[in-house]
J.: 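The structure that follows is given in the form of structure tokens.
A note on names: the letters A, B, ... follow the listed sequences, proteins ahead of strands, and every chain is numbered from 1.
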Protein chains: 2
Amino acid sequence: MVATSCFAEQLTRHVPLSDAEKTALTKLEENPRKIKRGAMIQRANEPITELFVLREGRVMSFVILPDGSRQILRVYFPGDFIGSASTIYSRAPESLVALSDAVVCPFDKHALRRLLEEHPRVAALLFLLSNAERVSMTDRLASLGRTSAKARVAAFLLDMFHRLRVTDDNIKDSFELKLTQEEIGDSIGLTSVHVNRMIRQMEQEGLISRSNGRITLLDVKRLEDIGHYTNRHKDMDLDWLPAS
Amino acid sequence: MVATSCFAEQLTRHVPLSDAEKTALTKLEENPRKIKRGAMIQRANEPITELFVLREGRVMSFVILPDGSRQILRVYFPGDFIGSASTIYSRAPESLVALSDAVVCPFDKHALRRLLEEHPRVAALLFLLSNAERVSMTDRLASLGRTSAKARVAAFLLDMFHRLRVTDDNIKDSFELKLTQEEIGDSIGLTSVHVNRMIRQMEQEGLISRSNGRITLLDVKRLEDIGHYTNRHKDMDLDWLPAS
DNA sequence: CGCGTCCTTGAATCGGGTCAAGTCTAGTGG
DNA sequence: CCACTAGACTTGACCCGATTCAAGGACGCG
């Protein structure tokens, strides 16, 4: 048994890895770095050569438009692979900021190249997970483009919930959001004021409840209905990956 | 010189390929199939095992929400790789319909697996391009979440324009849209009525002009400004890919 | 010629944004 | 232990951009 990294652990949830593969992945996490809440990890438009594995805490990626408004693109959880854009662009298309105190493990993109060369199976797996991210992105597109404010909030909460559950088995029906209502709004294309209205409404209707930053989903079925949510994590099927 | 496939041709725009790689890619396109405008290539939620290379024409992917509204996720052009979702999901997350008469080359996902196994460099390249798609998806997210109707139309037109130019060098300032205004609306989260109003307004302001389905961009600079558009195709940098 | 699809335009409506004025809470320092 | 403060949450009144509804026009095709 080799010491498994945070990233390898995430990947083995999908498909078994050989020890050699695990060791290689662990190398990516040799340089953990502590990050304070609110600190910027990467600034949009600046040259980049690093990627990251998020080991602890939460990180968000976002862009700021010329009029000053912000679109949050994604919230990352421990085990996530961050900054894959730097594999293709020499300048960062998006900014990265820690939403909570966090630990990230930066590594050079050439280290990733070597990994892909030496472990084609890992390359294939990363390709697949990149496709999965693309699909979850399309779900959000549909949410922003075609659903009401209430539906977006519902879908957002469900997405957080199910993603957290992938790595944390003891989450039953509640979780720490760790995002302000303004940040929620910036994720789903609403103002903080309207996010607040929707959340209160959903609380009054008995869909959710809150106590100091913790959200409890009281009626997941109805939330899924309101948010037009489909849980993609269920029917993933990576069987066809090259055998190890 | 081996006969290059449509897909290989697309890839070599980014990075040189060996003859062996080209041959392998060409194999994916052994079974061209003609598709009529409007025909469904893949229906959301149905089992899938096939992927496609689009050789001719245009194809769109979309989802229909329970209330009947449609979100178009992406418009594909010749040389594009379609349906990468089937690498991870056994049921299609999105539908595929031909926007014009088209030729697609279906291939089994196991053929892709063999390709990834035998040609790790191609696997890495696909991983990169998948990342590029993810980035262009985030651009659209920001557009839908945080910009006005006019900005979205401008960004949409510029995106079509620049993507067509990647493969077609003789496009100077005009192109065939081949989408109805309703389809444009379903791409950018607007109604066809409002798309029409924005297009007419932009026409009156001298930003664009139209004649029987052909759009001419008269003032690209100002359009980019209005649409908060950034052309991602320019500063792609795939140099670090494993050497062939 | 007639029919269907797409485009165009106006009027009324509404969802969500904006502005503004609180309230609540966790820190902070005296 | 309490006053002070800053950031986040809450709520109301008003406004505006986009949708909805509806009706007509243009064009291509069988």
Side-chain angles (χ1 to χ4, degrees), chain A residues 36-38 60 65 67-72 97 99-101 143-157 176-205 208-215 226-227, chain B residues 36-38 60 65 67-72 97-101 143-157 176-204 208-215 226-227:
Chain A
K36 283 247 179 306
R37 167 177 152 75
M60 66 173 173
L65 299 188
D67 67 352
S69 62
R70 173 176 69 174
Q71 176 67 47
I72 294 180
V97 162
L99 283 165
S100 67
D101 288 354
S143 183
L144 292 208
R146 284 287 176 243
T147 78
S148 69
K150 194 174 174 187
R152 292 189 217 175
V153 173
F156 180 82
L157 293 177
E176 298 275 340
L177 202 41
K178 286 182 178 163
L179 289 177
T180 66
Q181 295 180 356
E182 181 160 17
E183 285 161 346
I184 299 174
D186 285 349
S187 295
I188 59 182
L190 297 173
T191 57
S192 58
V193 174
H194 208 60
V195 167
N196 181 273
R197 285 197 254 262
M198 294 301 104
I199 286 183
R200 317 230 86 230
Q201 190 187 320
M202 291 165 73
E203 206 175 12
Q204 282 183 353
E205 291 172 2
I208 61 173
S209 71
R210 295 177 300 158
S211 64
N212 47 22
R214 194 165 191 86
I215 299 271
I226 290 169
Chain B
K36 283 245 179 307
R37 167 179 152 77
M60 65 172 172
L65 298 187
D67 66 352
S69 63
R70 173 176 68 174
Q71 175 67 47
I72 295 180
V97 162
L99 283 165
S100 67
D101 289 354
S143 183
L144 292 209
R146 284 288 178 242
T147 78
S148 69
K150 195 175 175 188
R152 293 188 216 174
V153 172
F156 179 83
L157 294 176
E176 297 276 340
L177 203 40
K178 286 183 179 163
L179 290 176
T180 66
Q181 294 180 355
E182 181 160 16
E183 286 160 345
I184 299 174
D186 285 348
S187 296
I188 59 181
L190 296 172
T191 57
S192 59
V193 174
H194 207 59
V195 168
N196 180 273
R197 284 197 249 265
M198 294 301 104
I199 286 183
R200 319 230 83 229
Q201 189 187 321
M202 291 165 74
E203 205 174 13
Q204 281 182 353
I208 61 173
S209 72
R210 295 177 300 158
S211 63
N212 48 23
R214 194 166 191 84
I215 300 272
I226 291 169

J.: Check each of A/Asp186, A/Val193, A/Ile188 against A/Leu190 using the side chain to side chain contact (heavy atoms under 4.5 Å, CB included) test, and report the only one that passes.
T.: A/Ile188
J.: Could you check how far CG of A/Asp67 sits from C1' of C/dT18, rounded to whole Å?
T.: 14 Å
J.: Nearest-Å distance, CZ (A/Arg152) to P (C/dG15)?
T.: 13 Å
J.: What is the nucleic acid contact for B/Gly189, judged by heavy atoms within less than 4.0 Å: base, sugar-phosphate only, or nothing?
T.: sugar-phosphate
J.: Would you say that B/Lys178 contacts B/Leu99 through its side chain, given a criterion of any heavy-atom pair below 4.5 Å between the two side chains?
T.: no
J.: Given the rule that a pair is Watson-Crick or G-U wobble with both distances under 3.5 Å, how would you write DNA chain C in dot-bracket, using | for pairs to a different strand?
T.: ||||||||||||||||||||||||||||||
J.: Identify the heavy atoms of B/Gly227 and B/Ala155 that sit nearest to each other, and give their distance.
T.: O-CB, 3.7 Å
J.: Can you check the B/Leu144 CG to C/dG16 C1' distance for me, whole Å?
T.: 16 Å
J.: What is the distance from atom CD1 of B/Ile72 to atom CD1 of B/Ile184, rounded to the nearest 0.5 Å?
T.: 9.0 Å
J.: Could you tell me the separation between the NZ atom of A/Lys150 and the P atom of C/dG16, rounded to a whole number of Å?
T.: 11 Å
J.: Please report the closest heavy-atom contact between A/Arg152 and A/Gly189, naming both atoms and the distance.
T.: NH1-O, 3.2 Å
J.: Hey, what do you get for OG (A/Ser187) to CD (A/Glu182), rounding to the nearest 0.5 Å?
T.: 11.0 Å
J.: Tell me which of A/Thr147 and A/Asn212 sits closer to the 5' end of DNA chain C, going by the nucleotide each one is nearest to.
T.: A/Thr147
J.: Do B/Arg197 and B/Val153 have side chains that get closer than 4.5 Å, going by heavy atoms?
T.: no
J.: With heavy-atom distances below 4.5 Å as the criterion, would you say the side chains of B/Phe156 and B/Val195 are in contact?
T.: no
J.: For B/Arg210 versus B/Arg200, what's the shortest heavy-atom pair and its separation?
T.: NH2-NH2, 3.2 Å
J.: Anything under 4.0 Å to a heavy atom of chain A counts; send over the first and last such nucleotide of DNA chain D, read 5' to 3'.
T.: D/dA8 to D/dA13
J.: Between atom CE in A/Met198 and atom C1' in C/dG16, what is the gap in whole Å?
T.: 8 Å
J.: Grab the N/O contacts between the protein and nucleotides 6-9 of chain C below 3.5 Å, and write none if there aren't any.
T.:
from, atom 1, to, atom 2, distance (Å)
C/dC7, OP2, B/Gln181, N, 2.9
C/dT8, OP1, B/Arg200, NH2, 3.1
C/dT8, OP1, B/Arg210, NH2, 3.1
C/dT8, OP2, B/Gln181, NE2, 3.0
C/dT8, OP2, B/Asn196, ND2, 2.5
C/dT8, OP2, B/Arg210, NH1, 3.2
C/dT8, O5', B/Asn196, ND2, 3.3
C/dT9, OP1, B/Arg200, NH1, 3.3
C/dT9, OP2, B/Arg200, NE, 3.4
C/dT9, OP2, B/Arg200, NH1, 2.7

J.: Any chance CZ of A/Arg37 has more than 12 other-residue heavy atoms, nucleotides or ligands included, within less than 6.0 Å?
T.: no
J.: Quick one: are B/Met202 and B/Lys150 in side-chain contact, heavy atoms under 4.5 Å?
T.: yes
